[in-house]
Student: 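Mind having a look at this structure? Questions to follow.
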Number of protein chains: 2
Amino acid sequence: MGITRKTKSVKSVISIFENNSDAQSVVHLVDLLKREMNKTTVYRILERLENEKLVHSFVGKDGLKWYAKCTDCCLDEHKDIHPHFQCKDCGKTQCVKQEITMPLLPNYQIDTVEVLFYGLCEQCSI
Amino acid sequence: MGITRKTKSVKSVISIFENNSDAQSVVHLVDLLKREMNKTTVYRILERLENEKLVHSFVGKDGLKWYAKCTDCCLDEHKDIHPHFQCKDCGKTQCVKQEITMPLLPNYQIDTVEVLFYGLCEQCSI
DNA sequence: AAATTTAATGCAACTTAGCTGCAATAACAA
DNA sequence: TTGTTATTGCAGCTAAGTTGCATTAAATTT
């Protein structure tokens, strides 16, 4: 289980995340890579990269799946509380590098807390 | 603009939320009401109820759209920070009645913060 | 209480995200 | 160089959500 083969397609997907720290919607990635590989391949590579914990995924305000590289936003593996920001204007989506504290829910067993900030990014709020 | 006509279908949808404080996925509502009305009607009624601020919507962990009645979870209109909980086992989804404080993101203009707790509910964590 | 207006609905067809099965291809180890 | 098998392409599928348009039925007016 995991990325055992470094194929041309896998390298291609990885390089996108290396050259841009923003999160990427799958839809965007499929479009970006449509000349290089099949959409099914994109879906499957992303799934493998996530298993390998090279990227992590979350659901955007639009209900689409987004992926982002795992770096300083989640140093010690996949932390439970990992906020993301999505710009309602330009669509820019990124990891929020900020600690967040959450209240406990008594009698509940919480695995993850997804936090999505939605609004205008630095560029679009000028 | 808004709910101008109290049709049989509108009353039917509203009564579901009145008889159950849990959030409802649109998929579930469409199925629940399939004998009474067309799925397009369900989608359109929910849209109108949301405009009227009788219900509010959010995206679940699965990317599906969920609706919940606006009551004590959002007394003073639609507050920015309004957490929801979704059970990974039974699917039960509900508003979390708890205040949450969020850090400010400098230079960003945040409209809403979606917080989704994901894990096991009281029943399923026994 | 009929006529009128127009919001609401049903229907059928469409769009799009994401998934599946299987045959063909290409990493990589021997 | 060959053999094994992970990976990919392809075609077709599923399911959520949307759209246009003709029809129906609330609510208002006469």
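From a predicted model like this one, the values you see are computed outputs, not experimental measurements. To find a chain, count down the sequence lines: A is the first, B the second, and so on, and within it residues start at 1.
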Student: By a strict heavy-atom criterion of less than 4.0 Å, which residues belonging to residues 28-37 of chain A are in contact with DNA chain D?
Tutor: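 Close to the strand are A:Glu36, A:Met37.
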
Student: Determine whether A:Asp89 and A:Cys121 satisfy the following criterion, side chain to side chain contact (heavy atoms under 4.5 Å, CB included), listing intermediate values before the conclusion.
Tutor: CA-CA 8 Å; A:Asp89 231 59; A:Cys121 71; over 6 Å; no

Student: Scan nucleotides 15-18 of chain C against the protein and return all N/O pairs shorter than 3.5 Å with their distances rounded to 0.1 Å.
Tutor:
from   : atom 1 : to      : atom 2 : distance (Å)
C:dG18 : OP1    : A:Lys65 : N      : 3.3
C:dG18 : OP2    : A:Tyr43 : OH     : 3.2
C:dG18 : N7     : A:Lys39 : NZ     : 3.3
C:dG18 : O6     : A:Lys39 : NZ     : 3.0

Student: Can you build the contact string for nucleotides 19-30 of chain D? Use B for base contact, S for sugar-phosphate-only contact, and - for no protein heavy atom under 4.0 Å.
Tutor: BB----BBS---

Student: Hey, mind stepping through B:Leu116 and B:Gln86 against side chain to side chain contact (heavy atoms under 4.5 Å, CB included) and telling me if it holds?
Tutor: CA-CA 7 Å; B:Leu116 183 68; B:Gln86 189 164 38; 3.9 Å; yes

Student: Parallel under 30°, tilted from 30 to 60°, perpendicular over 60°: which one fits the rings of B:Phe85 and A:Tyr108?
Tutor: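 The arrangement is perpendicular - the two ring planes meet at more than 60°.
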
Student: Sequence neighbours excluded and cut-off under 3.5 Å, please list the side-chain donor-acceptor pairs for residues 12-19 of chain A, or say none.
Tutor:
from    : atom 1 : to      : atom 2 : distance (Å)
A:Ser12 : OG     : A:Glu36 : OE1    : 2.5
A:Ser15 : OG     : A:Ser12 : O      : 2.9
A:Asn19 : ND2    : A:Ser15 : O      : 3.0

Student: Looking at side-chain heavy atoms only, is the closest gap between A:Gln123 and A:Cys87 below 4.5 Å?
Tutor: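 Result no, sub-4.5 Å side-chain heavy-atom pair not found.
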
Student: Could you see if B:Val27 belongs to whatever hydrophobic cluster contains B:Leu49? Use Ile, Leu, Val, Met, Phe, Trp, Tyr and a side-chain cutoff under 4.5 Å.
Tutor: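 Unlinked, B:Val27 and B:Leu49 end up in two clusters.
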
Student: Output the rounded distance in Å from CG (B:Asp62) to C1' (D:dT14).
Tutor: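 Interatomic distance, CG of B:Asp62 to C1' of D:dT14: 16 Å.
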
Student: Please assess B:Lys61 against A:Glu114 for the test side chain to side chain contact (heavy atoms under 4.5 Å, CB included), listing each intermediate value before the final yes or no.
Tutor: CA-CA 8 Å; B:Lys61 181 96 171 170; A:Glu114 297 222 350; 2.9 Å; yes

Student: Can you check side chain to side chain contact (heavy atoms under 4.5 Å, CB included) on B:Gln109 and A:Glu122, steps first, answer last?
Tutor: CA-CA 8 Å; B:Gln109 203 176 98; A:Glu122 286 175 297; over 6 Å; no

Student: Specify the closest pair of heavy atoms between A:Asp22 and A:Asn20, including all atoms of both residues, with the distance to one decimal.
Tutor: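 For A:Asp22 and A:Asn20, the tightest heavy-atom pair comes out as N-OD1, 2.9 Å.
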
Student: Quick one: list whatever passes salt bridge (Lys or Arg N to Asp or Glu O under 4.0 Å) with B:Lys88, sequence neighbours left out.
Tutor: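 Counting only residues at least two positions away or on another chain, B:Lys88 forms a salt bridge (Lys or Arg N to Asp or Glu O under 4.0 Å) with A:Asp111.
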
Student: Please report the shortest heavy-atom distance between A:Val30 and A:Lys39, naming the atom on each side.
Tutor: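 Minimum heavy-atom contact is CG1-CB, 3.5 Å.
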
Student: What integer distance in Å separates B:Asn38:CG from C:dA12:P?
Tutor: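 Computing the B:Asn38:CG to C:dA12:P distance gives 9 Å.
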
Student: If you compare all heavy atoms of B:Ala23 against all heavy atoms of B:Phe58, which two are closest, and at what distance to 0.1 Å?
Tutor: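 Heavy atoms only, the tightest pair is CB-CZ, 3.8 Å.
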
Student: More than 12 heavy atoms of other residues, nucleotides or ligands under 6.0 Å from NZ of B:Lys92: is that the case?
Tutor: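 For B:Lys92, atom NZ is not crowded (no more than 12 foreign heavy atoms under 6.0 Å).
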
Student: Could you tell me, to 10°, how much the axis swings from one end of the helix from C:dA1-D:dT30 to C:dA30-D:dT1 to the other, five pairs per end?
Tutor: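 About 30°, once rounded to a multiple of 10°.
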
